[in-house]
A.B. asks: 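Before anything else, here's the structure in question.
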Amino acid sequence: MNRNKNAFTNGLRDGIPIALGYFAVAFSLGIVAKKAGLDPLQGFLSSLLNHASAGEYAEFTVILANAPYIEMAFVILVTNIRYLLMSCALSQKFDTDTSLIHRFLVGFGITDEIFGISIGRTGRLNPYYNYGAMAIALPSWAMGTAIGIVAGNVLPLSVVSALSVALYGMFIAIIIPASKTNKIVGGVVIVSFAASFAASRIPLFDRMSDSMKISLLTVIIAGLAAVLFPVKDEDTVPTEPDKEVAEHDA
């Protein structure tokens, strides 16, 4: 019980900067939702169930075009398909006896940033760590959209656009420490940046969505890294906070 509480508290702490970034980005997203005809409650529920800015933007665009539900479902599936890969990667960090309901709930709350802080944890991942991050980050995302619908048009467009930059800065802050600690991770990050930039410039990929490009590059780069630089099981050790709690419980 103490171990779960400790993991939840750590997730809550690490989720605070994510929540702040989410609120800023969702605020600007709320303006698009208002143009699509959504009221604050609808925007709140939309963001509470769909945790991706690109996915929601695609959703609101489809609504604005008055397209059928099946088209909306397909567009959101393609836009958010990268989260399937993230879920598979994150599932490898759980203990083998982790229940299906925990895996399902953690998978539901995966975002780029929550995945980043979760995969960066050493040792086995406690689902309650994700619950802590989700408890503060996801409501902030939903509230940002709702408030953006209500008050988004009050702010100048330049200010709203500037708010969106915060999320990218936060994501860089997540990956930089891991890159500095592990040279292999740092190399993979640099290769990923270069490959992503190249894919955005090569005409062959013009018809692919950004999410599809990310998913394709993730499979290729992560697959090569796994083959060339495999991680040994014995190298995985418990996180320091969890180790302290385990010793205390003993």
Side-chain angles (χ1 to χ4, degrees), residues 1-23 25-26 47-52 80 82-144 166-167 169-182 184-186 188-189 218 222 226 230-250:
M1 182 64 69
N2 288 336
R3 183 178 182 182
N4 292 341
K5 182 179 179 181
N6 182 73
F8 185 90
T9 302
N10 289 335
L12 197 65
R13 177 200 63 205
D14 294 345
I16 291 176
I18 296 178
L20 296 176
Y22 279 1
F23 184 86
V25 175
S47 290
L48 196 63
L49 299 174
N50 189 357
H51 315 136
N80 293 342
R82 67 185 183 277
Y83 295 119
L84 296 176
L85 300 175
M86 293 182 187
S87 298
C88 292
L90 208 56
S91 68
Q92 304 305 304
K93 289 184 66 67
F94 289 133
D95 284 325
T96 55
D97 60 350
T98 301
S99 67
L100 182 61
I101 186 63
H102 281 311
R103 295 173 184 270
F104 178 83
L105 291 175
V106 170
F108 171 75
I110 284 183
T111 66
D112 295 335
E113 292 71 30
I114 292 179
F115 172 79
I117 62 174
S118 300
I119 206 72
R121 304 271 298 177
T122 57
R124 292 297 180 181
L125 182 64
N126 188 324
Y128 284 87
Y129 175 80
N130 289 73
Y131 297 157
M134 291 161 57
I136 188 170
L138 301 187
S140 180
W141 175 257
M143 286 298 299
L167 189 62
M170 179 190 63
F171 189 71
I172 291 176
I174 292 174
I175 62 176
I176 290 300
S179 301
K180 293 172 64 177
T181 303
N182 190 312
I184 295 176
V185 173
V188 172
V189 169
T218 299
V231 178
K232 298 180 180 179
D233 291 338
E234 56 266 26
D235 291 338
T236 302
V237 296
T239 58
E240 291 301 319
D242 290 345
K243 190 187 330 182
E244 293 174 3
V245 173
E247 293 174 351
H248 179 270
D249 292 343

A.B. asks: Which atoms form the tightest heavy-atom contact between Ile114 and Ala137, and what is the distance?
C.D. replies: CD1-CB, 4.3 Å
A.B. asks: If every non-hydrogen atom of Ala142 is compared with every non-hydrogen atom of Ser47, which pair is closest and at what distance?
C.D. replies: CA-CB, 3.6 Å
A.B. asks: What's the separation between atom OG in Ser87 and atom CD1 in Ile110, rounded to the nearest 0.5 Å?
C.D. replies: 3.5 Å
A.B. asks: Calculate, to the nearest 0.5 Å, the distance between atoms NE2 and CG belonging to His102 and Leu125 respectively.
C.D. replies: 11.5 Å
A.B. asks: Looking only at heavy atoms, which two atoms of Phe115 and Met86 are closest? And how far apart?
C.D. replies: CE1-O, 3.4 Å
A.B. asks: What heavy-atom pair brings Gly109 and Leu138 nearest, and what distance separates the two atoms?
C.D. replies: CA-CD1, 4.2 Å
A.B. asks: Could you check if a side-chain atom of Tyr131 sits within less than 4.5 angstrom of a side-chain atom of Leu12, using non-hydrogen atoms only?
C.D. replies: no
A.B. asks: Residues two or more places apart in sequence or in another chain: which of them pass side chain to side chain donor-acceptor pair (under 3.5 Å) with Thr111?
C.D. replies: Tyr22
A.B. asks: Distance-only, no hydrogens or angles: does the Asn6 side chain make a donor-acceptor pair with backbone N or O of Asn2 under 3.5 Å?
C.D. replies: no
A.B. asks: Restricting to non-hydrogen atoms, name the atom on Lys93 and the atom on Arg121 that form the minimum distance, rounded to 0.1 Å.
C.D. replies: NZ-O, 2.7 Å
A.B. asks: Using side chain to side chain donor-acceptor pair (under 3.5 Å) as the criterion, list what pairs up with Asp14, not counting sequence neighbours.
C.D. replies: Tyr129
A.B. asks: Once you round to the nearest 0.5 Å, how far does CD1 of Ile117 lie from CG of Asp112?
C.D. replies: 12.0 Å
A.B. asks: Can you find a pair of side-chain heavy atoms, one from Leu90 and one from Asn130, that are under 4.5 Å apart?
C.D. replies: yes
A.B. asks: Can you name the nearest heavy-atom pair linking Trp141 to Asn50, along with the distance?
C.D. replies: NE1-O, 3.3 Å
A.B. asks: Just how far is it from atom OG of Ser140 to atom CD1 of Ile18, taken to the nearest 0.5 Å?
C.D. replies: 10.5 Å
A.B. asks: Are Pro127 and Leu105 side-chain neighbours, meaning at least one heavy-atom pair lies under 4.5 Å?
C.D. replies: no
A.B. asks: With distance as the sole test, does Asp95 use its side chain to make a donor-acceptor pair with the main-chain N or O of Asp97 at under 3.5 Å?
C.D. replies: no
A.B. asks: Between His51 (side chain only) and Phe108 (backbone N and O only), is there a donor and an acceptor less than 3.5 Å apart?
C.D. replies: yes
A.B. asks: I want to check something: taking the side chain as every heavy atom from C-beta on, are Lys5 and Tyr128 in contact at a cut-off of under 4.5 Å?
C.D. replies: no
A.B. asks: Any chance you could measure Ser118, atom OG, to Asn126, atom CG, to the nearest 0.5 Å?
C.D. replies: 11.0 Å
A.B. asks: Find the distance between CZ (Arg13) and CD1 (Ile136) and round it off to the nearest 0.5 Å.
C.D. replies: 12.0 Å
